[in-house]
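Each chain gets a letter, A, B and so on, in the order its sequence line appears, and its residues count up from 1.
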There are 2 protein chains.
Amino acid sequence: MTAGDPADTKTPGAAPVRRLRRAERREQILASATRAFARAGFTATSLDDIAAEAAVTRVILYRHFESKADLYRAVLDRARTRLAETAGAGDFTDAPIPALLCAAAADPDAFRLLFRYAAREPEFRDLTRPLTGPLTAASAEITRRNLAPFVPEGPWADWAARLIPAVTVEAVIAWLDAGRPDRETAAERIGHAVHGVITAAQPR
Amino acid sequence: MTAGDPADTKTPGAAPVRRLRRAERREQILASATRAFARAGFTATSLDDIAAEAAVTRVILYRHFESKADLYRAVLDRARTRLAETAGAGDFTDAPIPALLCAAAADPDAFRLLFRYAAREPEFRDLTRPLTGPLTAASAEITRRNLAPFVPEGPWADWAARLIPAVTVEAVIAWLDAGRPDRETAAERIGHAVHGVITAAQPR
DNA sequence: GTATTTGTATACTGTCGAGTACACAACAGG
DNA sequence: CCTGTTGTGTACTCGACAGTATACAAATAC
């Protein structure tokens, strides 16, 4: 469907009053879809579920998005953007854990969706990888760098490199589930837990 | 569908030679279905996928199982049984981590399926809960007991109680992914990592 | 060899969900 | 008021998949 998006064919002088409505609706749909997808993942969430969540019908979704996959892509994209914005400059290189906590607190649904579901849907990894890739690759890289001085190359370094991002994410989600007590303490303790994993990976 | 199962209407003295064939086929189907489900979860795995994995057609599946849900239940049940058998007496109370490693090594697909997918399919929690319930409830209980002496009741105890099983499972899966280096060392290191989480949950 | 049981395959039905066509409602500008 | 644009809803098509009916092949018991 290369049918021209109506937004592209407008005359330049047209008043963009209506357009705002459209953007608002789109935003509302994206938020609802994020909630819906975060509950059950992509395949298990029907467009009717999303439409119900957004209090509209399924057709409306197609007025704003070309397909379910397109909507999903937009949801993931928005999630990544929002998380990156709240987390700071979008780089998780300096202080990843506070940034993650900040992002998770700002949009828990987006966080759960990106880090729990999106990373694990094999058939849509090509869809999610360009979004989660920067984050997971970065964290894996950081992990490797922080690990290198302590843990020699080998299966145990692999083990730790795989485990640390998972632990971090699980710790953040557990923090959300536990009622988000004191964010700074949480950052400290998650850092401590991760440090424990690094220590565990070292030969004794 | 109360149509009598042909197996029930046999004469008592019939030689049960054929039955073995049937049991073997059933077992093969269960193993294949475990692999298939472990790849993508329940909803994303079609009966054709499973049939292809077992090198039979879809109809055969119905000769052995009443429905997809029934097959899934049987797969989960078998997974739990096999894991419990390899892990020891089926109780994870004494030395949960070596038991988990043993079970994961013996049947990685079953392990991944039970602990990764089955625990997270919301629509089938009623199906999976009677199977994963004993395990997760037990581990949560153990966690709470081991935590009580160190961490005071409150959100942080909740946090740790949620996190520890997740970390354990992730550590085991990371160990599988890393090529299963030396199981005893793995048990030690996972124990160490979990200890790190417990320490992290303590107020300083 | 004939009947019964088990394994196999082809072809069907029915349902659910993705995607579409078309009719209707609200609001701007002429 | 009429027209065009945008938002909305009803009713449809189409395909994938769960589940079923039925015919066929191999092996054993009599």
Side-chain angles (χ1 to χ4, degrees), chain A residues 1-29 32-33 36-37 40-73 123-124 127, chain B residues 1-29 32-33 36-37 40-73 123-124 127:
Chain A
M1 311 308 183
T2 56
D5 188 350
D8 298 339
T9 60
K10 68 187 186 311
T11 57
V17 181
R18 292 277 183 79
R19 292 299 162 83
L20 264 152
R21 290 272 162 80
R22 183 176 172 82
E24 285 167 17
R25 177 57 77 186
R26 186 187 154 95
E27 182 59 25
Q28 184 224 341
I29 290 174
S32 308
F37 281 134
F42 180 85
T43 38
T45 303
S46 81
L47 288 179
D48 283 312
D49 294 336
I50 299 168
E53 181 79 32
V56 295
T57 58
R58 209 171 58 253
V59 182
I60 312 297
L61 305 181
Y62 285 99
R63 291 285 185 111
H64 295 266
F65 306 94
E66 285 194 349
S67 67
K68 188 186 178 186
D70 184 46
L71 170 59
Y72 192 51
R73 194 194 320 267
E123 32 179 331
F124 292 96
L127 234 169
Chain B
M1 326 303 178
T2 56
D5 189 351
D8 297 341
T9 61
K10 69 186 183 311
T11 58
V17 181
R18 294 277 184 77
R19 291 300 162 81
L20 265 153
R21 290 272 160 81
R22 185 176 169 82
E24 284 167 17
R25 176 59 75 187
R26 186 187 154 96
E27 182 59 24
Q28 185 223 341
I29 291 175
S32 307
F37 281 134
F42 181 84
T43 39
T45 304
S46 80
L47 287 179
D48 284 312
D49 294 336
I50 299 168
E53 181 78 32
V56 295
T57 57
R58 209 173 55 255
V59 182
I60 312 296
L61 305 181
Y62 284 99
R63 298 276 267 248
H64 294 267
F65 305 95
E66 286 194 349
S67 67
K68 189 186 178 186
D70 184 46
L71 170 59
Y72 192 51
R73 193 195 320 268
E123 32 177 333
F124 293 95
L127 233 169

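- As a whole-Å value, the separation of B:Asp49 CG from D:dA18 P is 8 Å.
- Across every non-hydrogen atom of A:Ala40 and A:Thr45, the tightest pair is CB-OG1, 3.8 Å.
- Evaluation of atom-type donor-acceptor distances gives a pair under 3.5 Å for the side chain of A:Arg58 against the base of C:dG19.
- When rounded to the nearest whole Å, the span between CD of B:Gln28 and P of C:dT6 equals 17 Å.
- Taking atom CG on B:Leu61 and atom P on D:dA18, their separation rounds to 10 Å, with Å as the unit.
- Side chain of B:Lys68 to backbone of B:Phe42: a donor-acceptor contact under 3.5 angstrom is found.
- Taking atom CZ on A:Arg25 and atom C1' on D:dG9, their separation rounds to 13 Å, with Å as the unit.
- Map A:Arg63 and A:Val59 each onto its nearest nucleotide of DNA chain C; the residue landing nearer the 5' end is A:Val59.
- If you take CD on B:Glu66 and CG on B:Leu61, they are separated by 13.5 Å, rounding to the nearest 0.5 Å.
- Atom-to-atom, NZ of A:Lys68 to P of D:dG15 comes out at 18 Å; the value is rounded to the nearest Å.
- Contact annotation: A:Thr57 side-chain N/O to D:dG9 OP1/OP2 distance is under 4.0 Å.
- At whole-Å resolution of the value, CD1 in B:Ile60 and P in D:dA26 are 15 Å apart.
- What separates CD1 of B:Ile29 from C1' of C:dG7 is a distance of 10 Å, to the nearest Å.
- Atom P of nucleotide C:dA18 and atom CG of A:Leu47 are separated by 4 Å, given to the nearest angstrom.
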If you apply the rule side chain to side chain contact (heavy atoms under 4.5 Å, CB included), what do you find for A:Ser67 with A:Asp70, and how did you get there?
CA-CA 5 Å; A:Ser67 67; A:Asp70 184 46; 3.6 Å; yes
